[in-house]
Amino acid sequence: MHGEYKVPGGKLVVVDLDVDEGALRNVRVAGDFFLEPDDALLAIDRALEGADAGLTAPQLAARIDAALPAGTVMFGFSSEAVGIAVRRALANATDWHHYDWQLIHTGPQSPALHMALDEVLTAEVAAGRRAPTLRVWEWGSPAVVIGSFQSLRNEVDPEGAARHGMTVVRRISGGGAMFIEPGNTITYSLSVPEALVQGLSFADSYAYLDDWVLGALDGMGVKAWYQPLNDIATEAGKIAGAAQKRLVAGNGAVLHHVTMAYDIDADKMTDVLRIGREKLSDKGTKSAKKRVDPLRRQTGLPRAEVIERMIDTFRGRYGLVDGVVTPEEMARAEELAATKFSTEEWTARVP
């Protein structure tokens with residue numbers, strides 16, 4: 001069995017192993033990481049040899065830590081990263097390079113249609129009818145997008161939303177509210193086979209699926225990192241939030257989408273969103289206006305160029321060809337936009 005795990009912001013860990021009577025055998029760990037002393041690599045292999053194949057990544061990491069020579073230095077990876085690579089080998093997880101990635105980046109769409117496209121395209125990936133897809137959104141109108149489990153009345157001031165002409169829609173993934181203005185927002189979705197994140201915890205999958213965009217930001221001079229569970233942050237503040245939905249039909253698929261603040265009207269945002277004190281307190285700030293630090297200021301680049309650099313980074317890492325939404329997919333999305341995502345029944349399902 002073969003497993004690989006690219007540490008977000010770090011190095012690649014590769015594990016080859018067999019399983020015999022429920023135990024790990026012939027374990028060999030490799031990668032482009034840095035490790036001192038040299039014999040620490042043999043210590044890692046020995047720590048995993050004979051381990052129960054049912055151990056979790058943290059439990060495997062504990063075995064490794066107990067076996068490492070005193071003074072061991074691990075740079076670009078960790079004991080838990082090795083544990084994750086083992087779990088991915090045991091789960092027959094795939095890698096980014098196993099797929100022919102498709103890009104969809106079309107003209108502006110309505111908020112409800114965006115919600116529907118996420119559901120339809122991810123379902124098509126699960127069914128094996130669509131290649132894994134990166135979709136970059138263009139917004140047709142301003143919107144508030146609330147998470148699947150959020151209370152509508154607790155999150156949105158209806159008078160403020162009406163005053164600023166904002167459509168309120170509910171997405172299928174969890175997480176918090178997104179404040180959307182077309183020229184100030186960058187949003188993308190990844191619709192990927194479940195096999196790509198096999199062996200990863202739910203939390204680890206967030207950073208894993210967005211490692212490429214952290215690289216793109218670094219190339220634009222923005223030093224960003226994942227702030228668990230689902231925020232992309234810099235020293236200046238939060239710049240993005242992610243959310244996921246797992247589909248179990250077919251072979252399974254994961255919808256992972258991210259909204260980034262290119263620019264923001266903070267006064268308008270606080271007029272529309274009801275951001276409570278508890279929400280602010282766990283972010284270490286007293287003002288909603290200070291929670292988000294837009295990419296426009298941090299990069300000094302036009303929005304279109306930021307998007308193009310992001311796409312170029314993805315293409316350079318994993319390959320990417322231009323694609324389209326098929327007529328059948330669009331028909332289904334338009335139906336869902338009308339019968340589900342534009343309805344009061346769905347939007348107010350958690351009043």
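FYI, side chains are in, hydrogens and waters are out, and symmetry mates aren't considered; it's all heavy atoms of this structure.
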Hey, does the side chain of Arg153 reach the backbone of Val350 with a donor-acceptor pair shorter than 3.5 angstrom? no
Can you tell if the side chain of Leu24 reaches within under 4.5 Å of the side chain of Leu60, non-hydrogen atoms only? yes
Does Asp95 offer a backbone N or O that forms a donor-acceptor pair with the side chain of His98 under 3.5 Å? yes
Between Arg315 and Asp312, is there a side-chain N and carboxylate O pair less than 4.0 Å apart? yes
Check Glu328 with Arg332, please: is the shortest side-chain N to carboxylate O separation under 4.0 Å? no
Carboxylate-amine/guanidinium contact Arg135 Asp118, below 4.0 Å: yes
Please give me the minimum heavy-atom distance between Gln244 and Ser173, naming the atom from each residue. O-CB, 3.2 Å
Tell me the closest heavy-atom pair linking Gly3 and Ala89, and the distance in Å. N-CB, 3.4 Å
Is a side-chain donor or acceptor of Arg130 paired with a backbone partner of Val125 at a separation under 3.5 angstrom? no
Is there a path from Ile311 to Tyr188 through hydrophobic residues (I, L, V, M, F, W, Y) whose side chains come within less than 4.5 Å of each other? yes
Is a salt bridge present between Lys238 and Asp293, judged by a nitrogen-to-oxygen distance below 4.0 Å? no
Under 3.5 Å, is there a donor-acceptor pair between the side chain of Ser342 and the main chain of Ala337? yes
Residues Arg246 and Ser205: closest non-hydrogen pair is NH2-OG, 3.0 Å
Does any part of the side chain of Leu209, heavy atoms only, come nearer than 4.5 Å to the side chain of Trp96, both counted from C-beta? yes
Side-chain touch Val29/Leu48, heavy atoms, less than 4.5 angstrom: yes
I would like to know whether Phe179 and Asn184 meet side chain to side chain contact (heavy atoms under 4.5 Å, CB included); could you show each step before the answer? CA-CA 10 Å; Phe179 177 79; Asn184 290 345; over 6 Å; no
Within-4.5 Å side-chain heavy-atom neighbours: Ser189 and Leu134: no
Glu49 side-chain N/O to Val27 backbone N/O, donor-acceptor pair under 3.5 Å: yes
Clusters formed by hydrophobic residues whose side-chain heavy atoms approach within less than 4.5 Å: which one holds Phe341, and what are its other members? Met115, Val120, Trp137, Trp139, Val145, Val169, Ile172, Met178, Ile180, Leu255, Leu336, Trp346
Using the rule that Ile, Leu, Val, Met, Phe, Trp and Tyr join whenever any side-chain heavy atoms are under 4.5 Å apart, tell me whether Val168 and Leu113 fall into a single cluster. no
Counting only N and O atoms by type, is there a donor-acceptor contact under 3.5 Å from the side chain of Thr234 to the main-chain atoms of Lys223? no
Measuring from Ile146:CD1 to Arg171:CZ, what's the distance to the nearest 0.5 Å? 8.5 Å
Check for me, please, whether Leu301 and Val136 land in the same ILVMFWY cluster - side-chain distances under 4.5 Å, paths through other members count. yes
Specify the closest pair of heavy atoms between Asp39 and Pro69, including all atoms of both residues, with the distance to one decimal. OD1-CG, 4.0 Å
Give a yes or no answer on whether the side chain of Glu305 reaches the backbone of Pro302 with a donor-acceptor pair at less than 3.5 Å. no
Using the six-membered ring wherever Trp is involved, compare the ring planes of Trp101 and Phe314 and label them parallel, tilted or perpendicular (cut-offs 30° and 60°). perpendicular
What about the rings of His97 and Tyr318, do their centers lie closer together than 6.0 Å? yes
Heavy-atom distance under 4.5 Å between the side chains of Met1 and Leu90, does that happen here? yes
Is Val156 linked to Val292 within one hydrophobic cluster, defined over Ile, Leu, Val, Met, Phe, Trp and Tyr using a side-chain heavy-atom separation of less than 4.5 Å? yes
Exceeds 12 heavy-atom contacts within 6.0 angstrom, atom CG of Asp218: yes
Mark yes or no for whether Arg297, through its side chain, and Gly300, through its backbone, hold a donor-acceptor pair below 3.5 Å. no
Do Arg28 and Asp45 touch side chain to side chain, with heavy atoms closer than 4.5 Å? yes
Tested for salt bridge (Lys or Arg N to Asp or Glu O under 4.0 Å) against Arg163, the lone hit among Asp271, Asp267, Asp157 is Asp271
Separation between CZ (Phe202) and CG (Asn230), nearest 0.5 Å, reads 9.0 Å
Whether Glu181 and Lys268 form a salt bridge (side-chain N of Lys/Arg under 4.0 Å from carboxylate O of Asp/Glu) is what I want to check. yes
Kindly indicate, with the supporting measurements, whether the criterion side chain to side chain contact (heavy atoms under 4.5 Å, CB included) is fulfilled by Asp210 and Ile232. CA-CA 9 Å; Asp210 281 332; Ile232 298 175; 4.2 Å; yes
Under-4.0 Å salt bridge between Asp211 and Arg317: yes
Side chains of Leu217 and Met260: does their closest heavy-atom pair fall under 4.5 Å? yes
Walk me through it: do Ile44 and Leu35 pass the test side chain to side chain contact (heavy atoms under 4.5 Å, CB included)? CA-CA 11 Å; Ile44 293 173; Leu35 177 65; 4.2 Å; yes
Just so I know, are the side chains of Arg170 and Leu152 near enough to count as touching, which here means a heavy-atom distance under 4.5 Å? yes
Between OG1 of Thr94 and CG of Leu196, what distance do you get to the nearest 0.5 Å? 5.0 Å
Donor-acceptor pair, side chain of Arg296 and main chain of Arg303, under 3.5 angstrom: no
Atom CD of Gln298 and atom CE of Met220: how far apart are they, to the nearest 0.5 Å? 10.5 Å
Which of these passes salt bridge (Lys or Arg N to Asp or Glu O under 4.0 Å) with Lys340: Glu335, Glu119, Glu345? Glu119
How close do Ala216 and Met310 get, counting heavy atoms only, and between which atoms? CB-CA, 3.9 Å
From OH (Tyr5) to CD (Glu80), nearest 0.5 Å: 8.0 Å
Measuring from His256:NE2 to Ser191:OG, what's the distance to the nearest 0.5 Å? 11.0 Å
Show which residues join Phe34 in its hydrophobic cluster (side-chain heavy-atom contacts under 4.5 Å, direct or indirect), or state none. Phe75
Before you tell me yes or no, could you show the steps for Val213 and Thr313 under side chain to side chain contact (heavy atoms under 4.5 Å, CB included), namely the whole-Å CA-CA distance, both residues' side-chain angles and the distance that decides it to 0.1 Å? CA-CA 7 Å; Val213 84; Thr313 298; over 6 Å; no
Nearest heavy-atom approach of Val197 to Val254 is CG2-CG2, 3.8 Å
Donor-acceptor pair, Arg63 side chain versus Ala47 backbone, under 3.5 Å? yes
Determine, using the 4.5 Å side-chain heavy-atom cutoff (strictly less than), whether Tyr208 and Leu229 are members of one ILVMFWY cluster. yes
